[in-house]
Amino acid sequence: MSEARLLYLKQIKRRQRWIRFFQFSALILTVALWEILARVGFIDSFLMSQPTRVWRTISNFQQNQLFTHIGVTLLETVIGFTAGVALGILTAFILWWSDFLSRVAEPYLVVFNALPKIALGPIIIIWVGAGMQAVIVMALAISLIVTIMEMLAGFKNADPELIKMVKTFGAGRLQTFVKIVFPSSLPTLFNCLKINIGLTLVGVIAGEFLVSRAGLGYLIVFGGQVFQMDLVMTSVIILGIVAALLYRLVALLEWVVLRMLTVN
Amino acid sequence: MSKILSFENVSLTYQAENGEVNALNNINFSVNEGELVSVIGPSGCGKTTLLSLIAGLEQPTGGRVLKRGTTGYMLQRDNLLNWRTIRANVLIGLEIRKMKAPENERYVDSLLAMYGLGDFADKIPAQLSGGMRQRAALIRTLAVKPDMLLLDEAFSALDYQTRLVVADDVHRILKREKKTAIIVTHDIAEGISMADRVVVLTKRPGTVLEVIVPAFANPDATPLARREDPAFRAYFNRIWKGLDVNV
């Protein structure tokens, strides 16, 4: 390797290190500032909470059943997410199969997409009952339409030349889908999954605000009602971590699947 | 020699929202087994439509297309799937036709080896040159053992030098495998150099202007060598004048 090349690589590495450093420092600085301002009494820790109090709440997990609540939210998210993706892909597949049906459904999809799904809350509760099922249906309502529209667009975007190629071998519609349309929509699928993780969490938390007796959304509402801002802040922070971890999980899945595909 | 394909007064009219399009009009010609026939015509004259009719992807609105056996199609782009290895790519036709038997796979492997892709079977398409990719596309078509090959501007996506070499390659492979092929092209030189017989079409609605049987000093010359033959220029000029190209 030439000297110039080494220097270039070193520069890239150094830049990367600085980015990491500032990312980390920003977090430390915020937490430190928050703690200091609360200690000197510049902000009211009763209203704003403070890092040490958040930490105390977390260490107290046995009393406040923190892990049970995290578990409930996770379970609802995983069920809502999986159901949303499966139903969304299936519906998109049916609409891809029948252009006629797709044309008929188009205006309804547009309206449902624009509708704030939270408005359906009372209807959902009355139809499926107040409880975990209502939370899951709410999560589904929020993520499903986006999945259908994204995946349908992805399917319709498959290269017509590739489709013609398999048709020259006599491929039918199902074979065309399996051999060409679905594999070429994988990047769309993974983008969709990444968006859906966020949307499903929105649905789950909104659902828990409305009906539940457990979960991080419930904890946030409960903490707000009894003026326990420590509990609210802790729940929000944990929610942020959960969201980030789930996103990383989807990204990991994408990496594994795409690698498997190119290797075999 | 027996006839493998014949067009009898074939016409095709498309219905589109903004009117009727008369793509082909009263086409008559036939192809014998083992023959390489090129179809030359100005762009938009219905050359691709002609192949679609042979492949059965479309039906004529007048006349009939009589053919024997199966067809294999080779398109302008290689259309190799970037998520499959070269071997998996060339096997796709067998998969679709549910013919993925061990002896067919062996045949594919032998084709890959014979035509210089044996070492690249496990590579992905992006690791191959344009010429190799096009050869892989040809092997994919040959894998299903079609009785007749249809080449639709199969070289026009390649750069000029690669194109000359690949045309030579494909000609050699087709002759060696004793295949019948219909080579559609807008490139007059390519059409003359590769074919035993040249069908010249007029502009739309396409109809047969003339059928030429080019005769060269050395009948076994490769397409590249044929371009050197004194007769080549005469054929070229004759077709060029016939096409009456106005730009």
Side-chain angles (χ1 to χ4, degrees), chain A residues 89 92-93 96-97 99-100 102-104 106 150-151 153-194 250-264, chain B residues 48-49 51-58 70-100 104 121-127 133-134 136-138 140-146 148-154 156-157:
Chain A
I89 292 178
F93 169 71
W96 171 82
W97 189 281
D99 188 56
F100 186 78
S102 154
R103 292 289 184 84
V104 172
E106 201 184 315
E150 281 282 308
M151 287 315 296
F155 291 163
K156 285 189 170 172
N157 235 336
D159 188 342
E161 281 282 304
L162 297 184
I163 293 176
K164 185 173 180 184
M165 185 272 290
V166 288
K167 279 201 173 141
T168 64
F169 288 112
R173 240 165 139 54
L174 188 63
Q175 279 180 320
T176 306
F177 184 82
V178 173
K179 306 271 183 221
I180 303 294
V181 174
F182 190 74
S184 42
S185 310
L186 276 178
T188 314
L189 174 66
F190 282 109
N191 269 336
C192 198
L193 294 188
K194 285 174 181 168
V250 172
L252 184 72
L253 183 73
E254 175 180 23
W255 185 79
V256 170
V257 169
L258 293 186
R259 220 179 109 90
M260 254 167 48
L261 271 177
T262 43
V263 167
N264 99 70
Chain B
T48 298
T49 310
L51 292 190
S52 297
L53 285 171
I54 302 171
L57 298 174
E58 284 181 75
T70 55
T71 53
Y73 215 115
M74 198 172 159
L75 300 159
Q76 182 174 348
R77 274 173 37 199
D78 55 60
N79 291 314
L80 295 173
L81 307 178
N82 58 22
W83 57 84
R84 281 171 175 245
T85 61
I86 294 303
R87 190 169 187 275
N89 258 297
V90 296
L91 284 171
I92 194 168
L94 292 173
E95 274 173 36
I96 289 168
R97 296 198 180 164
K98 309 219 178 335
M99 288 161 48
K100 220 176 143 189
N104 289 337
D122 296 321
K123 300 267 193 264
I124 54 167
Q127 292 168 300
R133 292 177 64 125
Q134 207 56 18
L138 176 62
R140 179 181 62 200
T141 310
L142 291 173
V144 294
K145 297 184 181 160
M148 196 178 357
L149 269 94
L150 311 174
L151 279 67
D152 188 2
E153 302 278 5
S156 57

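In what follows, chains carry the letters A, B, and so on, assigned in the order in which the sequence lines appear, proteins first and then strands, with residues in each chain numbered from 1.
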Measuring heavy-atom distances to chain A, does B/K123 have an atom under 4.5 Å in its side chain, in its backbone, in both, or in neither?
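It is neither, since no heavy atom gets under 4.5 Å.
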Looking only at heavy atoms and a cut-off of under 4.5 Å, which of A/D159, A/V178, A/L186 has the most pairs with chain B?
A/D159
Parallel, tilted or perpendicular for A/F177 and A/F155, by the 30°/60° rule?
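Because their plane-to-plane angle is over 60°, the rings of A/F177 and A/F155 count as perpendicular.
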Of the non-hydrogen atoms in B/A143 and B/V90, which two are nearest, and what is the gap between them?
CB-O, 3.6 Å
Heavy-atom closest pair, residues A/R173 and A/W97
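What the structure gives for the nearest pair is NH2-O, 3.0 Å.
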Sidechain N-carboxylate O distance under 4.0 Å for B/R84, B/E95
yes
When rounded to the nearest 0.5 angstrom, what is the spacing between CG in B/L138 and CE in B/M74?
4.5 Å
With respect to chain A, which residue among B/R140, B/R87, B/Q76 yields the maximal number of heavy-atom pairs within a distance under 4.5 Å?
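Greatest number of close heavy-atom pairs with chain A: B/R140.
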Proximal component of A/E161, with respect to chain B [non-hydrogen, under 4.5 Å]:
both
Can you tell which part of A/I180 gets under 4.5 Å to a heavy atom of chain B, answering side chain, backbone, both or neither?
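The answer is both parts of A/I180.
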